[in-house]
Structure formats: C-alpha cells, structure tokens
Amino acid sequence: MDTNYSYPLDPEWNQEQLLAAMAIFNLTEDAYETKLNVADFQKAWQHYQTLFPAKMDQRQIDREFKRVSGYSIYAVQKAVSQAKGATIKMK
C-alpha cells in the first residue's frame, strides 16, 4: 500500500460533496489502519449516500480510492453493516 497518495476528488463536486467524500476516505483509512467507530461510519455513510445517490458513482469512487490507497470503501461499508460491536478493524 502506498502511504503517499492523493484522494480521487472530482473538480466538479461542490464543497459538501468534497467534505462527504473526504470523510468517507478518512473513515475507511481508520478502519484499516487503526479501528473504526461503527456509528461514525454509519452517520457519514448516510450523508454520503444523499450526496452520491447513484450506485454507479459510489462504485466509481470506491474503485478510484482502492486503486490509489489499496483500501475498499465497499468492504468497510459491508463490515459495518454486519458489525456486532461498536468498532471494527479491517485486515
């Protein structure tokens, strides 16, 4: 995993979309690098989905983020949806 990468941001996104995407990127990194609070991710994910409602857009963002970081937003979202505790840690 390359620790020196740039987030895949679209210049056409408005400020709210940029902040929501960056929050998801940061939380995804937390899930892999330390631990992730499930409730924090769920709240950020709900907001993210309102700004990026199209599954196609969500998949494209995930693919680009995984390409540059090695981390999957989708895998984290799936783990959060199945979490039994308050935190998760991705492997």
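- To the nearest 0.5 angstrom, M90 atom CE is 11.0 Å from Y71 atom OH.
- Separation of atoms NZ (K78) and OG (S72) is listed at 10.0 Å; rounding is to 0.5 Å.
- Under a hydrophobic-cluster definition in which Ile, Leu, Val, Met, Phe, Trp and Tyr are linked whenever side-chain heavy atoms come within less than 4.5 Å, directly or via other members, L19 and L9 are assigned to different clusters.
- Here N26 pairs with Y7, E29 under the side-chain contact (heavy atoms from CB on, under 4.5 Å) rule; sequence neighbours left out.
- At most 12 heavy atoms of other shown residues, nucleotides or ligands fall within 6.0 angstrom of atom NZ in K35.
- What you find for D40 and N37 is that their closest heavy atoms are N-OD1, 3.0 Å.
- Taking CG of L36 as the reference point, atom OG1 of T87 lies at 8.0 Å (rounded to 0.5 Å).
- Criterion: ILVMFWY side-chain heavy atoms under 4.5 Å apart, direct or through other members. Under it, L27 and L18 are part of a common hydrophobic cluster.
- Note: K91 NZ to K89 NZ = 9.5 Å, rounded to the nearest 0.5 Å.
- When the side chains of ILVMFWY residues are joined at heavy-atom separations under 4.5 Å, either directly or via intervening members, V68 and Y74 end up in two distinct hydrophobic clusters.
- The aromatic ring centres of F52 and W13 sit less than 6.0 Å apart.
- Residues F65 and Y32 share a single hydrophobic cluster, defined by chaining ILVMFWY side chains whose heavy atoms lie under 4.5 Å apart.
- Q82 CD: more than 12 foreign heavy atoms inside a 6.0 Å radius.
- Residues G85 and V38 approach most closely at O-CG2, 3.7 Å, considering heavy atoms.
- The line from CG of D62 to OG of S69 is 8.5 Å long, rounded to the nearest 0.5 Å.
- Between V76 and A31 the shortest heavy-atom distance is CG2-CB, 3.8 Å.
- Rounding to the nearest 0.5 Å gives a distance of 7.5 Å between CD of Q42 and CD of Q46.
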Chi angles and distances behind the side-chain contact (heavy atoms from CB on, under 4.5 Å) call for R59, K55: CA-CA 6 Å; R59 287 185 185 124; K55 292 287 184 191; 4.0 Å; yes

Give the C-alpha distance, both sets of side-chain angles, the deciding distance and a yes or no for side-chain hydrogen bond (donor to acceptor under 3.5 Å, both in side chains) between Q58 and Y48. CA-CA 9 Å; Q58 293 173 15; Y48 175 80; over 6 Å; no

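- Residues I73 and F25 form a side-chain contact, since some pair of their non-hydrogen atoms from C-beta on lies under 4.5 Å apart.
- E16 places no side-chain N or O within 3.5 Å of a backbone atom of L51 that could act as its donor or acceptor partner.
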